[in-house]
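Because the structure is a prediction, the values reported are computed rather than measured. Start at 1 and go down the list; that is how both ligands and their atoms are numbered.
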Amino acid sequence: MTRTSLQCRECKKEYETSFKYVCEDCFGPLDVKYDFPTLTKETFASREQTYWRYFELLPIENKSNIVSIGAGMTPLIKADNLGKKLGLNNLYIKNDSVNPTFSFKDRPAGVAISKAKELGLSAVGCASTGNLASATAAHAAKAGLPCHVFAPSNIEMAKIAQALSYGANYIAVDGTYDDANRIAAQIGDSKGIGIVNINMRSHYVEGSKTFSYEVAEQLDWQVPDQLIVPVGSGAMLNAICKGFEELQTVSLLDDVSNMHMIAAQPHGCAPIVDAFKKNSKEVIPVENPDTVAKSLAIGDPGDGRYVLKRLAQYNGFAEECNNEEILDAILLLAQTEGIFTEPAGGVSISVLQKMVEQGKIDANDKIVCYVTGNGLKATESIMKVLQKPTVMKADIKEISAVVN
Ligand SMILES: Cc1ncc(COP(=O)(O)O)c(C=O)c1O
Ligand SMILES: [Zn+2]
């Protein structure tokens, strides 16, 4: 007997767990369904400081198949300095910029690659806007599996260098993320490669649920009032909701129905925000995304429709911010909390500011703002709003004059 099965999100048909991700009857996406054991808060208390501490809530049958590079249990920082600036008394930053490959993608990639190992696949890969490339490549290296990355050619150099360093076969596609994604899907199916975010997606999204488990545990098993989530494909936002719901199912949390989900997207690639503001259920793809937040440049979000459903279910909002606002927000976070994030994190912080300005968040709300990637991955964009230091002679008089 296995602990998990797969269930169609649309028609609810159930399948045995296998290398399969769409419903045969209606082509809906398959989600992992669990037979949960009895769990208590004490179950996790003394376990390892990685997201594998929540093993019973993850879709791996046998612990020997876990591929871990030590990701998860990232800090939940009480952001008192930033909170003060914004007039918020209970602001927390979930800082996933300090994961092993410096983004939250270590969560979904690690779970998907562990499952690929469990299913006996001989190669893995991903379509990526940059961060998933390194998360997949690093876990593949640890698992000893070949890794094929498909990414648009215009992403940041640091992300390319990082993924190449882990030994990935890196294919820079002349086109958008959606073009790279389409190619990856075809190659995955024709060659039997486990593409973590496509044909392994059912398991992949389970890794992002650990964002909810950790936040709940770090808040001493309380439900936040407001969650601000940067959105590309929408997989993470949807997974965070699933994670909180499962904690309610296993009685580790009380009612989660009063939390508010806020989707944050960059201007230039904000199809979900557009649909939300038009009160439409249909997400119209952005053909040529144009934003400094390259990791969120997904014009045709796979889970867009489900994000809209989640926003309706959880009294949420969707908001966007432009390049200047994103870069300003990166500096604001760095200079108040000492956290250096890439543009995706700037999108979260900027949208948080907008929610406060629009009166959608109260001063005493318990707010969790997800910061999902590291600033060192996007220095060429961030330097545009900073002044490069002029080189000075090693002369004590001259230098002393500029230290006041
Ligand atoms: C740093 C960062 N934050 C957020 C996201 C958005 O995640 P999702 O595509 O699951 O919505 C991505 C996606 O690549 C990312 O790299
Ligand atoms: Zn179905």
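- Looking from atom 3 (N) of ligand 1 to the surrounding protein, the closest heavy atom is T372 OG1, 2.7 Å.
- Although no hydrogens or angles enter the test, the distance criterion places a donor-acceptor pair under 3.5 Å between the side chain of K12 and the main chain of R9.
- The shortest N or O to N or O distance between S103 and ligand 1 is not below 3.5 Å.
- Using a 4.0 Å cut-off between heavy atoms, A344 contacts ligand 1 through its side chain alone, with no backbone atom that close.
- Cation-pi geometry between R47 and Y213 is not met: the NZ or CZ atom fails to fall both under 6.0 Å from the ring centre and inside 45° of the normal.
- With T43 contributing its side chain and L39 its backbone, the two residues share no donor-acceptor pair below 3.5 Å.
- Remark: minimum distance from atom 10 (O) of ligand 1 to any protein heavy atom is reached at M236 N, 2.9 Å.
- Remark: the backbone N or O of A263 is not paired with any side-chain donor or acceptor of E319 at under 3.5 angstrom.
- Each of the atoms 1 (C) of ligand 1 lies under 4.0 Å from some heavy atom of E342.
- Rounding to the nearest 10°, we obtain 120° for the angle at the Zn ion (ligand 2) between C11 SG and C26 SG.
- Vertex the Zn ion (ligand 2), arms ending at SG of C8 and SG of C23: the angle is 110° after rounding to 10 degrees.
- Taking the ring axis of F211 as reference, the NZ or CZ atom of R107 stays within 45° of it and closer than 6.0 Å to the ring centre.
- When the heavy atoms of Y177, Y204, F104 are ranked by distance to atom 7 (O) of ligand 1, first place goes to F104.
- At least one heavy atom of T129 sits closer than 4.0 Å to an atom of ligand 1.
- Look at R53 and E217 and you find a salt bridge, because one of the NZ, NE, NH1 or NH2 atoms lies within 4.0 Å of a carboxylate O, short of that distance.
- With H267 contributing its side chain and E320 its backbone, the two residues share no donor-acceptor pair below 3.5 Å.
- Ligand 1 lies out of reach of Y370, whose nearest heavy atom is not under 4.0 Å from it.
- Using 4.0 Å as the threshold, G234 has a heavy atom nearer than that to some atom of ligand 1.
- Regarding atom 5 (C) of ligand 1, its nearest protein heavy-atom neighbour is L296 CD2, 3.4 Å.
- Looking only at heavy atoms of the protein, atom 16 (O) of ligand 1 is closest to N131 ND2, 2.8 Å.
- Cation-pi check for K20 over Y15 is met; the charged atom lies under 6.0 angstrom from the ring centroid and within 45 degrees of its normal.
- Annotation: Y370 is not in aromatic contact with F104 [ring centroid separation under 6.0 Å not met].
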